[in-house]
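The block underneath contains the structure these notes are about, expressed in structure tokens.
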Amino acid sequence: DVQLQASGGGLVQAGGSLRLSCVASGFTFDDYAIGWFRQAPGKEREGVSCISSSDGSTNYADSVKGRFTTSRDLAKNTVYLQMNSLKAEDTAVYYCASAELYGSDWCGYKYDYWGQGTLVTVSS
């Protein structure tokens with residue numbers, strides 16, 4: 001019923017840009033906060049950014065602040081992660097997840113639904 005589909009990953013050279021998309025099915029993003037996460041090989045999953053359901057305010061991990069931008073298009077039920085000035089250490093599988101409830105996870109939410117992830121590989 002409720003599904004998230006992340007897409008847009010691929011191979012990009014260091015210093016380049018890439019835009020990821022997260023499309024919702026079974027719910028509308030204006031009712032949920034959306035978080036972007038990533039997991040690199042051998043590392044734990046980490047929060048990258050989040051965008052609120054109420055006003056679209058955003059937060060970013062220190063590692064991506066100033067380089068990544070999260071936005072939403074409510075008409076398309078899509079959330080984006082624009083990634084600029086990519087570095088090799090940005091290489092990871094990127095996931096989007098939705099949250100309706102507050103919790104102890106990234107940005108203070110409880111994420112209940114997760115996309116399948118999309119692989120971003122940054123070559124140096």
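- If you chain together hydrophobic residues whose side chains sit under 4.5 Å apart, Leu119 and Leu4 never meet in one group.
- Side-chain contact between Val12 and Thr121 is absent, with no heavy-atom pair separated by less than 4.5 Å.
- Each of Tyr102 and Ile51 belongs to its own hydrophobic cluster when Ile, Leu, Val, Met, Phe, Trp and Tyr are linked at side-chain heavy-atom distances under 4.5 angstrom.
- Between the side chain of Arg19 and the main chain of Gly9, no donor-acceptor pair closer than 3.5 Å is present.
- Under the 4.5 Å side-chain heavy-atom criterion for ILVMFWY residues, a single connected hydrophobic cluster contains both Tyr60 and Met83.
- Between Leu11 and Ser123 the shortest side-chain heavy-atom distance falls below 4.5 Å.
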Check step by step if side chain to side chain donor-acceptor pair (under 3.5 Å) holds for Thr70 and Thr58. CA-CA 7 Å; Thr70 295; Thr58 56; over 6 Å; no

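- For the pair Gln39 and Lys43, the tightest heavy-atom approach, listed with the atom from each and the gap, is NE2-O, 3.2 Å.
- Residue pairs satisfying the side-chain hydrogen bond (donor to acceptor under 3.5 Å, both in side chains) criterion with at least one member in residues 105-120, sequence neighbours excluded, are absent.
- Judged as a side-chain hydrogen bond (donor to acceptor under 3.5 Å, both in side chains), not a single pair has a partner in residues 3-16 (not counting sequence neighbours).
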Between Phe68 and Ser49, is the side-chain contact (heavy atoms from CB on, under 4.5 Å) condition met? List the steps. CA-CA 8 Å; Phe68 290 11; Ser49 69; 6.0 Å; no

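- Nearest heavy-atom pair, Ala61 versus Gly47, reported as atom, atom and distance to 0.1 Å: CB-O, 3.4 Å.
- The two residues Ser124 and Ala14 make their nearest non-hydrogen contact at CA-CB, 4.3 Å.
- Pairs of residues two or more places apart, or lying in two chains, that qualify as side-chain hydrogen bond (donor to acceptor under 3.5 Å, both in side chains) and include a residue from residues 77-100 are Ser17-Asn84, Arg38-Asp90, Arg38-Tyr94, Arg67-Asp90, Gln82-Asn84.
- Using modelled atom types, no side-chain atom of Arg45 and backbone atom of Ala40 make a donor-acceptor pair closer than 3.5 Å.
- For the pair Phe37 and Val93, the minimum side-chain heavy-atom distance is 4.5 Å or more.
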Which is it for Asn59 and Cys50 under the side-chain contact (heavy atoms from CB on, under 4.5 Å) test, yes or no, and what are the steps along the way? CA-CA 5 Å; Asn59 286 298; Cys50 61; 3.7 Å; yes

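- Using a 4.5 Å heavy-atom cutoff, the side chains of Val48 and Leu81 are in contact.
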